[in-house]
Every structure is written in C-alpha cells, then in structure tokens.
Student: 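To start, I am sharing the structure in question, which I have written as structure tokens.
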Amino acid sequence: MTERTELRKDEEKPLLSHIAELAMRLRRGLISLFLAFIIFFAFGYTTINIDGYTIPILYPSLFHSLADSLMLFFIHHELPEGMKLLNLNPFDPLYASAYTSFYLALFISLPIIFRELWGFVSPGLYEHEKKLVKYIVFPAVLLFVSGSLFAYFIIVPLMMKFVVLYTTALGVEPTLSLRAFVSTVISLMMVTGIAFEYPLVMASLTYIGMVKADSWRKNWRWGVLGAFIIAWIISPGTTGGIIEIIIGVILSALYFVGVASAKIIEKRRSERNEQTIQR
C-alpha cells in the first residue's frame, strides 16, 4: 500500500508541475493584457520637446485616453455624412472605451501571450510541428491585418452608407448609438481578420498530413460554399446581400490561394522525401 502511494505521488509530481507552469504562464499573459488595457483605457498621449527632440509620453487621462482617440478616429473616418451618434445609456461612452481598450490590449499583448503558450507547448512538439508554427506566425498576422483593413475600408463604409440611404428613404433620421457604432466597427475588423485566415488553415492541414492538396482541389465547390457561409455569418446583414457577396468572393479567392499553397507544400514535402530516400 505504501509503495503504491509513493508511486502515485511520483506520477503526480510531473502533472502538478505542468499545471503550475501553465498557471504561471497564463498569469503572465493575463497581467500583460490587464496592464495594456489600463494603459489604453486610462492614459492619454502627448509630446514634450527637450533640446529640440520630440518625446512622446503617457499621462493619466480618462477623458482623453488612447482608446478615446481611436474612437474619435473611427467617428471622423467611418461615420458617413448625415448620420448622428447618440448616447442612449449614461455609461455607453465608458463601455465603448472599454471595448476599444480591450481590442487594442489584446492585439498588443498577443505576442507575450503567444510566447508564454509557446514556451509551455513547444517542449512536447515534434520538430516538424515547431517549424509549422514558426512558418505560420507571419502569414497569420499579415492575413489578420489584411482582413481587418478590408473590414475598415470596405465593409464598414458600405454598411454605413447603406444604412443612411435606407433610413433616409423611409423618412427616418439616421442615428446610431455610440456603443453600437464602436462595437460594430471593432467586431467586424476582428471577425473579418479571423476569416481571412482561411487559406492558412488549409495549408496547415496539408502540411501536417491531415488533408491532401488534391482533396482541396476536388472539393472546391464545398470550399466556395463554405466561403459564402462564412461571409453570411460575419456580415452585418444590412446591405441587401452586397457585403455578403463581396466577402464571399474574396474568401473564395483566398480558398484557391490555399489550394495553390497546399499543392506547393505537398510538392516540396515529396521532394524532401525523395532526397532522403536517395541518401
């Protein structure tokens, strides 16, 4: 009985140490997220001149915070002429600022969170899995930024203009709450950025051997259908199908980019295998 108890304790030690390490790394990631949130939510930005040099500094300001500056940027660049913003709830400006701060904090702290998770997961990965993660980091960031910019410059302006035209045609004054406006802009940027990861997911599945490149090519109709389903899910649904079609066409094009990427990955892998066999 004593031997079994000691054996059980010996077996539990590695598990407990892993849990402790995971908790420590998650705590670091959450702390970085929280600190970034506080900076964006409660600090403003200004500059001072010292000996001819312009130095940016942060100062405590709840009314002119970094998140407020971004909200003002959205209002001046995304709000169409003729639409008015309203404050329907006393705390809507704070909610909108908190929403914006969280989005910025998440984006800024992602490298730290990823580093902590990578430090925990990487010892248990194979070499080819580590290479896969290293290869997809930059394309993932690039696709996410591209999707967010697409939402900012295409989806949101079209949606807002459509709302103005439609409400004006009904004889209704086009108005929108501040909280709804900010949450709509940021949500669309985030969701569209994630949706643009479509080809990267395909290439990754081919890289690890789960899906062959020919399978992506043969089932392209399902891929296009999936692209339009994703477009329908992430679309605000206020433009009579215009936004859905635009997003669906772009995601369909990204699907074929994923097909080509999967084909290249599979070809290179087969070439490496042939070289290994010849050696």
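Start at 1 with the first residue, then count along the sequence.
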Student: Please name the pair of heavy atoms, one in Ala195 and one in Ile230, separated by the smallest distance, quoted to 0.1 Å.
Tutor: CB-CG2, 4.0 Å
Student: Looking at Val257, is its backbone amide N or carbonyl O close enough to the side chain of Ser261 to form a donor-acceptor pair, meaning the two atoms are under 3.5 Å apart?
Tutor: yes
Student: So, do Trp216 and Val211 sit near enough that their side-chain heavy atoms are less than 4.5 Å apart?
Tutor: yes
Student: Donor-acceptor pair, distance only, cut-off 3.5 Å: does the side chain of Asp92 make one with the backbone of Asn89?
Tutor: yes
Student: Go through Leu62 and Phe41 one step at a time and tell me if the side chain to side chain contact (heavy atoms under 4.5 Å, CB included) criterion holds.
Tutor: CA-CA 7 Å; Leu62 189 62; Phe41 184 76; 3.6 Å; yes
Student: Any idea how Tyr207 and Tyr135 line up, ring-wise: parallel (<30°), tilted (30 to 60°), or perpendicular (>60°)?
Tutor: perpendicular
Student: Are Phe37 and Leu106 side-chain neighbours, meaning at least one heavy-atom pair lies under 4.5 Å?
Tutor: no
Student: Is Phe107 atom CZ crowded by more than 12 heavy atoms from other residues, nucleotides or ligands, each under 6.0 Å away?
Tutor: no
Student: Might you work through the ring pair (Phe, Tyr, Trp, His ring centres under 6.0 Å) test for Phe150 and Phe196, ending with a clear yes or no?
Tutor: CA-CA 10 Å; Phe150 175 78; Phe196 267 53; 5.7 Å; yes
Student: Has the side chain of Tyr198 got a donor or acceptor atom that lies under 3.5 Å from a matching backbone atom of Gly223?
Tutor: yes
Student: Could you check whether atom OH of Tyr166 has more than 12 heavy atoms from other residues, nucleotides or ligands sitting under 6.0 Å from it?
Tutor: no
Student: More than 12 non-hydrogen atoms from neighbouring residues, nucleotides or ligands closer than 6.0 Å to OH on Tyr59, yes or no?
Tutor: yes
Student: Could you report the tightest heavy-atom contact between Tyr103 and Ser148, atom names first, then the distance?
Tutor: OH-OG, 3.9 Å
Student: Would you give the length of the straight line joining atom CG of Asp68 to atom CD1 of Ile75, rounded to the nearest 0.5 angstrom?
Tutor: 9.5 Å
Student: So do Leu251 and Phe228 actually touch side chain to side chain, heavy atoms under 4.5 Å?
Tutor: no
Student: Would you confirm whether Ser32, through its side chain, and Gly29, through its main-chain N or O, come within 3.5 Å as a donor-acceptor pair?
Tutor: yes
Student: Give a yes or no answer on whether the side chain of Ser97 reaches the backbone of Pro93 with a donor-acceptor pair at less than 3.5 Å.
Tutor: no
Student: Between atom CD1 of Ile19 and atom CG of Leu26, what is the distance when rounded to the nearest 0.5 Å?
Tutor: 11.5 Å
Student: Give the ring-plane orientation class for Tyr152 versus Phe73, where under 30° counts as parallel, over 60° as perpendicular and anything between as tilted.
Tutor: parallel
Student: Is the terminal nitrogen or CZ of Arg25 (NZ for Lys, CZ for Arg) located under 6.0 angstrom from the six-membered ring centre of Phe120 and within 45° of that ring's axis?
Tutor: no
Student: So does Leu85 get a backbone contact from the side chain of Thr175, meaning a donor-acceptor N/O pair under 3.5 Å?
Tutor: no
Student: Any side-chain heavy-atom pair from Tyr45 and Ile57 closer than 4.5 angstrom?
Tutor: no
Student: Give a yes or no on whether the backbone of Ala180 and the side-chain of Ser183 come within a donor-acceptor separation of less than 3.5 Å.
Tutor: yes
Student: Charged N to carboxylate O under 4.0 angstrom, Lys212 versus Glu266?
Tutor: no
Student: Can you tell me how far NE2 of His77 sits from CG of Leu72, rounded to the nearest 0.5 angstrom?
Tutor: 11.0 Å
Student: Between Ser187 and Tyr99, is any side-chain donor less than 3.5 angstrom from a side-chain acceptor?
Tutor: yes
Student: Does the pair Lys263 and Asp214 meet the rule for a side chain to side chain contact (heavy atoms under 4.5 Å, CB included), with working shown?
Tutor: CA-CA 8 Å; Lys263 189 67 177 177; Asp214 287 339; 3.6 Å; yes
Student: For Thr100 and Ala96, indicate whether the former's side chain and the latter's backbone hold a donor-acceptor pair under 3.5 Å.
Tutor: yes
Student: Given side chain to side chain contact (heavy atoms under 4.5 Å, CB included), test Leu176 with Lys84 step by step and report yes or no.
Tutor: CA-CA 6 Å; Leu176 187 65; Lys84 297 180 180 179; over 6 Å; no
Student: Can any side-chain N or O of Ser61 pair as donor or acceptor with the backbone N or O of Gly44 at less than 3.5 Å?
Tutor: no
Student: For Ile194 versus Phe144, what's the shortest heavy-atom pair and its separation?
Tutor: N-CD1, 3.7 Å
